[in-house]
Amino acid sequence: MRDVAEYLAGVLCRRVADKLKALRTVFQRCAEAPPVGECLYVHVLLRTEDRFYTSYEEWLRETGLPRNKATKKLWEESAYLGGSIKLTALAELEALSRER
């Protein structure tokens, strides 16, 4: 039983390490890139404060993100999922990394 637990722990650690490496690569590439595509999600994660935003306009003003279909969609999805823009952006970023 202990061997199985150690094996599973090793597998899980490798999976987490692989995900972390992939996210780190995306963050490094997107830090200086414009907020487009997957880089939009990185900018959202870096610029959005951990607080409640009362409107799309307020969030755009505070983060400096562009007003476009992608940010509007992200705002609407996060409102639907309970208001966490950062969690929505992270979920989108993870989904994109799984597609690769």
Side-chain angles (χ1 to χ4, degrees):
M1 186 70 156
R2 187 173 186 187
D3 292 338
V4 172
E6 287 176 5
Y7 169 77
L8 289 175
V11 169
L12 289 174
C13 285
R14 281 191 298 281
R15 286 184 183 174
V16 169
D18 289 345
K19 276 192 171 219
L20 182 59
K21 183 179 178 183
L23 284 173
R24 187 176 290 135
T25 301
V26 171
F27 267 75
Q28 289 170 343
R29 186 178 66 248
C30 290
E32 299 299 320
V36 178
E38 70 181 359
C39 292
L40 170 65
Y41 304 119
V42 171
H43 284 269
V44 167
L45 290 167
L46 294 173
R47 297 179 186 183
T48 302
E49 297 293 325
D50 289 328
R51 68 176 192 80
F52 179 78
Y53 291 91
T54 57
S55 70
Y56 175 64
E57 301 301 323
E58 176 190 18
W59 176 60
L60 290 179
R61 262 192 321 274
E62 189 167 299
T63 60
L65 292 167
R67 176 189 319 278
N68 58 30
K69 288 181 183 178
T71 57
K72 184 67 172 179
K73 181 181 176 207
L74 186 60
W75 173 264
E76 290 170 351
E77 287 175 3
S78 69
Y80 176 75
L81 295 173
S84 178
I85 300 167
K86 284 185 165 185
L87 288 178
T88 305
L90 186 57
E92 293 289 335
L93 195 56
E94 286 183 281
L96 286 173
S97 71
R98 280 194 298 271
E99 291 174 5
R100 290 183 191 163

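Across all their heavy atoms, T48 and V44 have their closest contact at OG1-O, 2.8 Å. The nearest pair of heavy atoms linking A70 to L40 is CB-CD2, 3.6 Å. Shown here for N68 and Y56, the closest heavy-atom pair between the two residues is O-OH, 3.5 Å.
Atom-to-atom distance recorded for S78:OG and W59:CH2 is 7.0 Å, nearest 0.5 angstrom. Annotation: the span from Y41 atom OH to L96 atom CG amounts to 6.0 Å, rounded to 0.5 Å. Note: L90 CG to I85 CD1 = 13.5 Å, rounded to the nearest 0.5 Å. Taking CD from E92 and CG from L87, the interatomic distance works out to 12.0 Å, rounded to the nearest 0.5 Å.
C39 pairs by the side chain to side chain contact (heavy atoms under 4.5 Å, CB included) definition with C30, A33, H43, not counting sequence neighbours. A search for side chain to side chain contact (heavy atoms under 4.5 Å, CB included) contacts involving L23 returns L93, not counting sequence neighbours. By the side chain to side chain donor-acceptor pair (under 3.5 Å) test, W75 is found to be paired with no residue, residues two or more places apart in sequence or in another chain being considered. Residues forming a side chain to side chain donor-acceptor pair (under 3.5 Å) with T63 (at least two apart in sequence, or on another chain): none. With sequence neighbours left out, the salt bridge (charged side-chain N to carboxylate O under 4.0 Å, His left out) criterion links E6 to R2. For V16, there are no side chain to side chain contact (heavy atoms under 4.5 Å, CB included) partners, not counting sequence neighbours. Judged as a side chain to side chain donor-acceptor pair (under 3.5 Å), and not counting sequence neighbours, the contacts of T54 are E58. Not counting sequence neighbours, D3 has no partner by the side chain to side chain donor-acceptor pair (under 3.5 Å) test.
Cluster membership for V36 and V26, using ILVMFWY side-chain heavy atoms within less than 4.5 angstrom, is not shared. Residues F27 and L65 are members of one and the same hydrophobic cluster, defined by side-chain heavy-atom contacts under 4.5 angstrom among Ile, Leu, Val, Met, Phe, Trp and Tyr.
Applying the salt bridge (charged side-chain N to carboxylate O under 4.0 Å, His left out) test to pairs two or more places apart or on separate chains, those with a residue in residues 66-75 are E57-R67, K73-E77. For the salt bridge (charged side-chain N to carboxylate O under 4.0 Å, His left out) condition, the pairs that include at least one residue of residues 7-28, sequence neighbours left out, are K19-E94.
Contact annotation: the side chain of V42 never approaches that of L45 to less than 4.5 Å [non-hydrogen atoms, C-beta and beyond].
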